[in-house]
Amino acid sequence: AIVELEAMLALNPSDNQGVRYALLACYLSVRHLDGAARLFEEFDECAFNTVFAWGHVLERWLAGDIPGAQQALAVARKQNGHTEASIKGHKRLPKHLPATYSPGSKEEAQCFAEPLRMMWRTYPNALTWLITQAVKRRGSVRETD
């Protein structure tokens, strides 16, 4: 899949088809951190795309950069707070995915839940780490969904 997705991206570098999202999921699922880093650098979408935001958290964790993973987690939660529950398995996917979404919406979380779950579930220790990360809310700390 990686070879095919890389070829598609090479043929369409502006990637109006969104191949980069599946490619990032594949890279991280096989721990290809260099490939993931290239996508992060080339597309720089962590602030407005849930696959990139939550993928960056996992990439930092896999690289052994826990402080970086925690910083990326804060960005990911801000970008789309709905996604975390999907990754953890707390939210069921609807029978039919939404036709459209906006960055940060529950529809975005639904549209990208499957590749994100694939990435995270490949690494049970990373998922356990994510589950143990408390959310800071208005001066207090609470566990997430």
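Note: hydrogens, waters and symmetry copies are ignored here, and every other heavy atom, side chains too, is used. Computed from a predicted structure; not experimentally measured.
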Just wondering, do [Y] and [X] contact through their side chains at under 4.5 Å, heavy atoms?
{"X": "T83", "Y": "V51", "result": "no"}
{"X": "I66", "Y": "W129", "result": "yes"}
{"X": "R121", "Y": "L127", "result": "yes"}
{"X": "F52", "Y": "D44", "result": "no"}
{"X": "Q79", "Y": "C46", "result": "no"}
{"X": "L62", "Y": "L33", "result": "yes"}
{"X": "V30", "Y": "T122", "result": "no"}
{"X": "T128", "Y": "Y123", "result": "no"}

Considering all heavy atoms, the nearest [X]-[Y] contact:
{"X": "G89", "Y": "R117", "value": "CA-NH2, 4.4 Å"}
{"X": "L24", "Y": "A36", "value": "CD1-CB, 3.7 Å"}
{"X": "A113", "Y": "L93", "value": "CB-CD2, 3.3 Å"}
{"X": "G55", "Y": "L28", "value": "O-CD1, 3.4 Å"}
{"X": "A126", "Y": "L58", "value": "CB-CD1, 3.7 Å"}
{"X": "E107", "Y": "T100", "value": "CB-O, 3.7 Å"}

For this session: Applying side chain to side chain contact (heavy atoms under 4.5 Å, CB included), run through T50 and L116 and close with a yes or a no.
Result: CA-CA 9 Å; T50 200; L116 286 164; 4.1 Å; yes

Rounded to the nearest 0.5 Å, what separation is found between the [atom1] atom of [X] and the [atom2] atom of [Y]?
{"X": "I87", "Y": "M119", "atom1": "CD1", "atom2": "CE", "result": "6.5 Å"}
{"X": "C111", "Y": "K106", "atom1": "SG", "atom2": "NZ", "result": "12.0 Å"}
{"X": "L39", "Y": "D15", "atom1": "CG", "atom2": "CG", "result": "9.0 Å"}
{"X": "I2", "Y": "L9", "atom1": "CD1", "atom2": "CG", "result": "12.5 Å"}
{"X": "K91", "Y": "S86", "atom1": "NZ", "atom2": "OG", "result": "7.5 Å"}

Which of W54, Y101, W120 passes ring pair (Phe, Tyr, Trp, His ring centres under 6.0 Å) with F112? Answer is Y101

Query raised in the report: Take atom CD in E4; do more than 12 heavy atoms of anything else shown fall under 6.0 Å from it?
Result: no

Short question: side chain of [X], backbone of [Y] - any donor-acceptor pair under 3.5 Å?
{"X": "Y27", "Y": "R38", "value": "no"}
{"X": "S105", "Y": "E108", "value": "yes"}
{"X": "Y21", "Y": "P115", "value": "no"}

**OP:** Over 60° means perpendicular and under 30° means parallel, so classify the ring planes of H56 and F40, tilted if in between.
**Re:** perpendicular

Residue pairs meeting salt bridge (Lys or Arg N to Asp or Glu O under 4.0 Å), one or both in residues 50-60, sequence neighbours left out, come to R60-D65

Could you please spell out the steps behind the side chain to side chain contact (heavy atoms under 4.5 Å, CB included) verdict for L73 and R77? CA-CA 6 Å; L73 180 58; R77 285 176 171 161; 3.7 Å; yes

E42 with R20: basic N within carboxylate O range, under 4.0 Å: no

